[in-house]
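Please read the structure below before turning to the comments.
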Amino acid sequence: MTGLFKTRLQRHLREMAKYLRLVFNDFFVFALLFFLGGLGWGYSNVLKTLKAGLWWAPLVVLLVLVIVAQIGRFATLIEDADRVFLLPRERAMHAYLVAARRYSQFLAQCTQLIALFILAPFLSVALGWTLPQVLVLALAQVVLKDSLLRLDLASVYQVTGQRRMNQWPFKWLLAIVVVASGVWLSPYVGLLLALVADGAVAVWERQHWQSQQIRWREQIKIEDNRMLGIYRFFNMFTEVPMVSGTIKRRRYLDWLFKGIKPIHSQTYLYLFSRGMVRGTDFSGLVVRLTVIGMLLLYFVRGEWLPVILAALFIYLIGFQLLPFFQQYDDVVFTHVYPVLPALRLKNFVKLVTLILSTTALLLWVVVVIANPHLMTAGITLAVEVVEVWYLARIYTPHRLARADQK
Amino acid sequence: MALEVSHVVGGYSQIPVLKDISFDVKDGELVGLIGLNGAGKSTTINHVIGLLTPHKGKISINGITIDQDSQAYKQQIAYIPETPVLYQELTLREHLEMTMMAYDLDQKVAWDKAHDLLKTFRLANKLDWFPANFSKGMKQKVMIVCAFLTNAKLFIIDEPFLGLDPLAVNDLLNLIEQRKKTGASILMSTHVLDTAQRYCDRFVLLHDGQVKTEGTLSELQAALPEAGESLNDIYLSMTKVDRA
């Protein structure tokens, strides 16, 4: 069973490496270095101004460490098929889970230590701590994280009936108690408490796991969510096939569809509009970019800058909408329905026109509010109208017709 | 002649799965497409509904091929897939409305029909749900309701009997019977041979991408006298020849 985990871990790490290479491209690394450098410089400047005995310093330490203690989840790498294929080997799964926890430890504990390393100068300046004190607090933090991960492991089993032991209020409470006593009383007290908690969970888990069932369904769901979170992160940089948005009914937006009459020539406008509003992928993108654009334009002053920015945001949205045309290609009825492909394209163009016009209008209103010049308002409007017309009516059909031929 | 498949060679890639198959479905006829897994039933159906283009040969529905007039060709088909396929973002009501729009049906007439069908398949109170969250059997019923809303002349039904409850199977067979009376034709693939034997007018037995035999049950019995009485026996003997 440890062998199985090792195989899966290798596959998992290969996959992560593939995506990380894409995320940390040269440009991003460069930007990140600048960002971190700036942050470090700012931090060192803040440290210079601090004196010992500030009342809020321990609170900052508490907040940081309690949050950091929650970072680093229990990666089980359990898959959906496991509840069928591994069910007969349920007892042997313990070795697998222990191996999984060992792997999860590594990343989680590195995070804890890095946090403590960053926090160390603050502890020494603002709280006047010595090196041994900082080291003991670091140890307490590591043992605390160990106990939290052990709690996750114990909760894989139905130890306490339907209630899980690793619910977030409990985890946060445990972290607050340990860190608070470490900061206000003494790091040694914090370490002691962390050891007691860790030991208690260990004993409790050892006594119970053999007589309990694994919560397969829940555990699979937790692991799926964890992976989905990772994929979502990667999805910000590159295309991830595993991320498919969720569907929400959004009944309160049904009025949007009132204008679309149920006639043959609007078959796909009917579908596309609902798909756009109820799916989270593309609508989220449009809303995010529109809101960011509006915020940015509100704070930007000038004659030409608002025009360029408004045009840029409309272009970004229009460009990103293109793949939505293929959204329903794997539904067989898209090909079986007696609707001409040209009509589908025409309906899509109409949808893009509607969306881009709405965005353009919203951006224009913000520009007018922020820049009370007749010139800027007029030029923005003119540029927007031409751009929306070109993007939706000329560029979109041209690009999609070309893609369709392939 | 509702559906005419003549000398079709085809498949998903350059390697042909179907090796020169020919058969037809006449007006008002229910033809069963019978064959083992991988015999080419689904490939045949995918060619008929226009998802795949034949390498050679011709498929026409009432004399029209898909190349001549794709809209007129597709207008005549209603398809019920083996695995239900739905639009994730549409409710049941919207699926029906979308079908009406796609086939350009009169809304009022179609909704009258829809309400009857929904009642038959006990879906009437689920109009505002997302069928994507239904069970497999219920999703299949949605597919059936959508297909039978249309005035299609050719119904293509891929393995309808697995996953449906006995009552729904019975209701589907009744619907098929009604449509046959109005002159519509049905091409149905299935493994449930005793039901097929009772309801199909004719059978096309596919094996390894070829039409092994074709005809009514009595014709099949005459062709393979030692095979046995039932469609099941004939089917088994046909595959045994190949295994030996």
Side-chain angles (χ1 to χ4, degrees), chain A residues 243-284 324-347 350-351 404-405, chain B residues 42 45-46 48-53 61 64 66 69-91 93-108 110-111 128-133 142-143 146-147 150-154 156 158:
Chain A
V243 175
S244 58
T246 46
I247 314 291
K248 301 218 168 82
R249 177 67 180 84
R250 295 188 176 144
R251 198 181 292 272
Y252 54 91
L253 289 176
D254 278 359
W255 57 271
L256 283 170
F257 313 128
K258 275 215 181 104
I260 302 165
K261 295 267 170 319
I263 49 174
H264 180 69
S265 61
Q266 299 200 324
T267 306
Y268 280 98
L269 187 59
Y270 187 93
L271 174 65
F272 282 139
S273 59
R274 282 166 174 79
M276 178 59 72
V277 169
R278 291 176 191 166
T280 48
D281 272 350
F282 286 90
S283 58
F324 187 63
F325 183 64
Q326 278 110 16
Q327 179 88 345
Y328 300 103
D329 276 9
D330 45 354
V331 176
V332 66
F333 291 102
T334 308
H335 311 284
V336 172
Y337 282 148
V339 180
L340 289 173
L343 194 64
R344 182 153 51 109
L345 186 57
K346 218 173 116 187
N347 280 190
K350 189 154 182 194
L351 178 85
D404 239 19
Q405 275 166 9
Chain B
S42 296
I45 286 177
N46 281 337
V48 174
I49 61 176
L51 279 192
L52 297 174
T53 317
I61 300 175
I64 305 169
I66 197 161
D69 187 343
S70 74
Q71 191 162 2
Y73 181 90
K74 289 177 176 177
Q75 189 85 39
Q76 304 186 74
I77 307 179
Y79 171 54
I80 302 178
E82 180 185 4
T83 317
V85 199
L86 294 146
Y87 290 108
Q88 303 278 328
E89 298 95 343
L90 295 189
T91 64
R93 183 192 305 279
E94 287 160 352
H95 271 93
L96 300 178
E97 210 159 54
M98 174 99 182
T99 311
M100 294 171 198
M101 292 163 82
Y103 285 87
D104 207 2
L105 304 173
D106 181 88
Q107 291 271 328
K108 211 185 145 320
W111 268 115
D128 290 313
W129 295 32
F130 283 136
N133 304 331
V142 175
M143 300 278 94
C146 286
T150 68
N151 305 317
K153 296 196 183 98
L154 175 66
I156 293 157
D158 199 354

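Just so we're on the same page: letters track the sequence lines, and every chain starts at 1.
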Stepwise side chain to side chain contact (heavy atoms under 4.5 Å, CB included) test for Y268(A) and M98(B): CA-CA 8 Å; Y268(A) 280 98; M98(B) 174 99 182; 4.1 Å; yes

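With a threshold of 4.5 angstrom between heavy atoms, F130(B) approaches chain A through side-chain atoms but not through N, CA, C or O. Looking at L105(B), there are no atoms closer than 4.5 Å to chain A (heavy atoms on both sides), in backbone or side chain. There is no contact between S265(A) and chain B, counting heavy-atom distances below 4.5 Å. In this structure, the portions of L90(B) lying under 4.5 Å from any heavy atom of chain A include both its backbone and its side chain. Of the atoms belonging to Q107(B), it is side-chain heavy atoms, and not backbone ones, that fall under 4.5 Å from chain A.
For the options L271(A), V277(A), L343(A), D330(A), heavy-atom pairs under 4.5 Å to chain B are most numerous at L271(A). Of the residues considered (M100(B), M101(B), Q76(B)), M101(B) shows the highest number of contacts with chain A, using heavy-atom pairs under 4.5 Å.
Minimum heavy-atom separation, V331(A) to L86(B): CG2-O, 4.0 Å. Contact detail for Y79(B) and F333(A): the closest heavy-atom pair is O-CE2, 3.5 Å.
By the neighbour-count criterion of 12 heavy atoms within 6.0 Å, atom CH2 of W129(B) is sparsely surrounded, having that number or fewer from other residues, nucleotides or ligands.
Note that CD of Q88(B) and CZ of R278(A) are 12.5 Å apart. Values are rounded to the nearest 0.5 Å. Atom CZ of R274(A) sits about 7.0 Å away from atom CD of E97(B), to the nearest 0.5 Å.
For K74(B) (side chain) and H335(A) (main-chain N/O), a donor-acceptor pair under 3.5 Å exists by modelled atom type.
Contact of the R249(A) side chain with the T91(B) side chain is registered, since non-hydrogen atoms from C-beta on lie closer than 4.5 Å.
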